[in-house]
Amino acid sequence: MSNKVRVRFAPSPTGGLHLGGVRTVLYNYLFARHHGGEFVLRIEDTDQTRFVEGAEEYIYKCLEWCGLEPDESTKKGGPYAPYRQSERKHLYYQYAQQLVDKGYAYYAFDTPEELERRRSEMAKDGHAGTNFQYDATTRRQMRNSLSLSTAEVLELLDKNTPYVIRIKVPFGQTVTFTDMIRGEITFDTSLVDDKVLLKADGMPTYHLAVVVDDYLMKITHAFRGEEWLPSAPVHLLLWKYLGWEADMPQWAHLPLILKPDGNGKLSKRDGDRLGFPVFAMDWNDPKTGETTRGFKEIGFLPEAFVNMLAMLGWNPGKEQELFSLSELVQYFSIERVHKGGAKFDYEKAKWYNQQHIHHSSDEKLLPLVKPYIVAHAPAVDDTYLLKVIGLVKERCGLLPDFWEQGHFFFETPEIKELDAIKAKWDDNKRSFFNSWKENLSSVSDWEHTTIEQTFTDSLQQHGLKKGDIMLPLRIMLVGGKYGPGVFVIAEMIGKEETLKRIQNALSLL
Ligand code: GLU
């Protein structure tokens, strides 16, 4: 095995990229960068029945958005190209045949109908619920090169009878490997079925292709979801039977991302049900025409999304929770990835986003925030918007919040909380606002300190305290009980607009 760390993300392009998938990319990426290694993106599209138009392109877009770009891929090329398994079809047959020649695999001629019949017979025999398994206990009763005579096999091959190649999993043995996260894991081969390695159409299955490609692409470490653990014994046997054991990558099976209540794996349906995204970006399913919302479109910054994902299953071994991608590269270690599943917490995800928004420069946020503002107020000036961003960013958890939190900088708001003013309204307060308005009209340097000075002067004249007037004033200018400092708001919206809003409110009281 070469010393250079080489990892791979090997998605099957079958639909939207679940946050668990992005986390697998992320851990691959962090590990590779931390060790000065290479990160490969390999498209595992051997199952043509699951092919989905646009899914591959979508994966690239997600990785680009997250800033996790591979060093070698179908797009970038590289020394081990092609990186799309369907384009490597010609490579796999020889390995399957090699296994047959050595007695580790065999031809199986059973038709789909025959296999189906066996399954239903099993159910009839009172074994309902037990699935028929093609393995050491049943393979002799099936139509394959182990049960048929050589002459029969040759005749079938001669007639171009379709066949698959299956691995011959031994009965009553154990296979063991050391997972980087879970330690030593042993499997009883008696429980493993004779998986198909090469399909009738000549395409390899995932099991054969993943082993062959990890070998040919000189992968040193393979990180994949925990759901692949049951496939590990088949892969271990293949590494052994192909004579490549010494080159087998070190494996790490990453913990699942769980539903918020910890009850099972987080699915797209949970997101729909609980109102949060599960995919990295919007996914338009070409089959159903349905669009599923993504973290990007819901208003997450990629660095916040990545930071949140890094912490779902890994701990940095210190208090710090906020990390940039380069800090994650610096601190990441596979030893601190947890064995147990990580519960997804959407409120916490938004907290990461709010923190990253808060710590981003106004200039960086400008192009990200602008579309959300322009959708309501098309003629927005960048210098003005930059100031608004600086004033409201600490209150924003998601990018669309910039409009919610700052709309009154761009439009005369509807006064939603008039009742809160009315509750403590009296003639003295009305008189205060009327005389303050007069004073404001003659202010020439329209600047928050001057505005506040005239305010304090008018308060004194009316024997009022700041606390008596701040809330009504805020509601008049903003429409509700939120927003940054009122005098800064007045400065930003200008004298005419400030006077207009006060007057509007007075006429309603
Ligand atoms: N193609 C598999 C998937 O879709 C990859 C599993 C692996 O990384 O070995 O997740």
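We count ligands from 1, going down the list as the structure has it; atoms in each ligand are counted the same way. Note: hydrogens, waters and symmetry copies are ignored here, and every other heavy atom, side chains too, is used.
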Taking distance alone, no hydrogens or angles, what donor-acceptor pairs closer than 3.5 Å link side-chain atoms of residues 165-181 to residues at least two apart or in another chain?
| unit_1 | atom_1 | unit_2 | atom_2 | d |
| --- | --- | --- | --- | --- |
| Arg166 | NH1 | Asp194 | O | 2.8 |
| Thr176 | OG1 | Thr186 | OG1 | 3.0 |
| Asp179 | OD1 | Ile181 | N | 2.8 |
| Asp179 | OD1 | Arg182 | N | 3.0 |
| Asp179 | OD2 | His253 | N | 3.0 |
| Asp179 | OD2 | His253 | ND1 | 2.8 |

Distance-only donor-acceptor hits, side chain of residues 396-404, under 3.5 Å, sequence neighbours excluded:
| unit_1 | atom_1 | unit_2 | atom_2 | d |
| --- | --- | --- | --- | --- |
| Asp401 | OD2 | Gly397 | N | 2.9 |
| Asp401 | OD2 | Leu398 | N | 2.9 |

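When the ring-ring contact (aromatic ring centres under 6.0 Å, His included) test is applied to Tyr83, no partner is found at least two apart in sequence or on another chain.
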Decide yes or no on side-chain hydrogen bond (donor to acceptor under 3.5 Å, both in side chains) for His235 and His207, but give the supporting numbers first. CA-CA 6 Å; His235 301 170; His207 302 293; 3.0 Å; yes
One pair per line, please: each N/O atom of ligand 1 matched with every protein N/O atom under 3.5 Å away, atom names first, then the distance to 0.1 Å.
| unit_1 | atom_1 | unit_2 | atom_2 | d |
| --- | --- | --- | --- | --- |
| ligand 1 | 1 (N) | Ala10 | O | 2.8 |
| ligand 1 | 1 (N) | Ser12 | OG | 3.2 |
| ligand 1 | 1 (N) | Glu44 | OE1 | 2.6 |
| ligand 1 | 4 (O) | Ser12 | N | 3.3 |
| ligand 1 | 4 (O) | Ser12 | OG | 3.1 |
| ligand 1 | 8 (O) | Arg8 | NH1 | 2.8 |
| ligand 1 | 8 (O) | Arg8 | NH2 | 3.4 |
| ligand 1 | 9 (O) | Arg8 | NH2 | 3.0 |
| ligand 1 | 9 (O) | Tyr206 | OH | 2.6 |
| ligand 1 | 9 (O) | Arg224 | NH1 | 3.3 |
| ligand 1 | 10 (O) | Trp228 | NE1 | 3.4 |

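Both tests do not hold together for Lys296 against Phe300: distance to the six-membered ring centre under 6.0 Å, angle to the ring axis within 45°. Within the cation-pi definition used here (under 6.0 Å to the ring centroid, within 45° of the axis), Lys75 qualifies as a partner of Tyr60.
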